[in-house]
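For the numbers below, each heavy atom of this structure counts, side chains included, while hydrogens, waters and symmetry mates do not. Positions are given from 1 along the sequence.
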Amino acid sequence: MADNARAKRLADLIREVIAQKLQRGIKDPRLGSHVTITDTRVTGDLREATVFYTVYGDDEDRASAAAGLESAKGILRSEVGRAAGTKFTPTLTFVADALPDNARAIEDLLDRARMSDAQVREASSGAAYAGEADPYRKPGDEDEGDDAKGAGA
């Protein structure tokens with residue numbers, strides 16, 4: 001089993017090789033300049049590599065880019081094998097990265113929280129306390145009603 005540092009170096013090399021090949025070497029129109037390789041992970045035995053990518057565009061662009069990556073998988077794997085010089089070239093699996101969708105969802109949640117805070121701030125701007133300004137008892141502030149109940153019992 002390989003160490004984590006070797007797997008990390010191989011993952012970085014795979015990411016660079018695939019990004020360069022997508023930019024310069026593959027003439028598939030589905031894989032234009034709108035595909036970005038975001039991350040690569042390699043298993044501990046260096047046999048499988050998962051390549052995460054994002055696509056700038058709508059759902060149709062994402063679907064066509066996924067099909068383009070699947071069709072170019074053999075060419076990309078041979079380029080990785082040539083650059084890595086390892087005994088076994090890892091198999092490539094392409095996965096659409098969920099990072100942009102997660103970031104968009106977090107931004108929406110933060111916007112909702114900001115709007116809710118603004119509504120609370122607006123509602124509390126003219127409000128007054130329900131009781132006195134200082135609701136705590138102080139020594140010597142005995143209610144006279146308590147003394148009368150204690151004496152009559």
Enquirer: How close do Glu70 and Lys73 get, heavy atom to heavy atom, and via which atoms?
Expert: OE1-NZ, 3.1 Å
Enquirer: Enter the distance from Leu69:CG to Tyr53:OH here, rounded to the nearest 0.5 Å.
Expert: 5.5 Å
Enquirer: When you compare the side chain of Phe94 with that of Leu76, does any pair of heavy atoms fall below 4.5 Å?
Expert: yes
Enquirer: So which heavy atom on Ala7 is nearest to which on Thr43, and how close?
Expert: CB-O, 4.2 Å
Enquirer: Any Lys/Arg nitrogen of Asp111 or Arg114 sitting under 4.0 Å from an Asp/Glu carboxylate oxygen of the other?
Expert: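 Counted as a salt bridge, because a side-chain N and a carboxylate O are separated by less than 4.0 Å.
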Enquirer: Under 4.0 Å between a Lys/Arg side-chain N and an Asp/Glu carboxylate O for Arg15 and Asp12?
Expert: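 Salt bridge between Arg15 and Asp12, a charged N being under 4.0 Å from a carboxylate O: yes.
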Enquirer: Does Arg62 pair with Asp58 as a salt bridge, N-O distance under 4.0 Å?
Expert: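 Result for this pair is no, no salt bridge flagged.
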Enquirer: Nearest heavy-atom pair of Pro90 and Arg77: which atoms, and what distance?
Expert: O-NE, 3.1 Å
Enquirer: Is any side-chain heavy atom of Thr91 closer than 4.5 Å to a side-chain heavy atom of Arg47?
Expert: no
Enquirer: Name the one of Thr36, Ile37, Thr38, Thr40 that satisfies side-chain contact (heavy atoms from CB on, under 4.5 Å) with Phe52?
Expert: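 Answer after filtering Thr36, Ile37, Thr38, Thr40: Thr38.
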Enquirer: What are the two closest non-hydrogen atoms of Gly68 and Ser71, and how far apart are they?
Expert: O-OG, 2.9 Å
Enquirer: Taking atom CD of Glu60 and atom OG of Ser64, what is their separation to the nearest 0.5 Å?
Expert: 6.5 Å
Enquirer: Give, for atom CG of Leu10 and atom CZ of Arg41, the distance between the pair rounded to the nearest 0.5 Å.
Expert: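 Leu10 CG to Arg41 CZ: 15.0 Å, rounded to 0.5 Å.
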Enquirer: Does Ile26 form a side chain to side chain contact (heavy atoms under 4.5 Å, CB included) with Lys21? I'd like the steps, not just the answer.
Expert: CA-CA 6 Å; Ile26 296 180; Lys21 190 67 177 173; 4.1 Å; yes
Enquirer: Does the side chain of Ile18 reach to within under 4.5 Å of the side chain of Leu92, using non-hydrogen atoms?
Expert: yes
Enquirer: Using the side-chain contact (heavy atoms from CB on, under 4.5 Å) definition, which of the options Val42, Ile14, Asp39 pairs with Val51?
Expert: Ile14
Enquirer: For Val35 versus Ala65, what's the shortest heavy-atom pair and its separation?
Expert: CG2-CB, 3.9 Å
Enquirer: Nearest 0.5 Å please: distance from the CG atom of Asp117 over to the CD atom of Glu122.
Expert: 12.5 Å
Enquirer: Any salt bridge between Arg104 and Glu107, counting N to O under 4.0 Å?
Expert: no
Enquirer: As an exercise, state the distance from CD of Gln119 to OG of Ser124, rounded to the nearest 0.5 Å.
Expert: 12.0 Å
Enquirer: Going by heavy atoms in the side chains, are Leu46 and Arg6 under 4.5 Å from each other?
Expert: yes
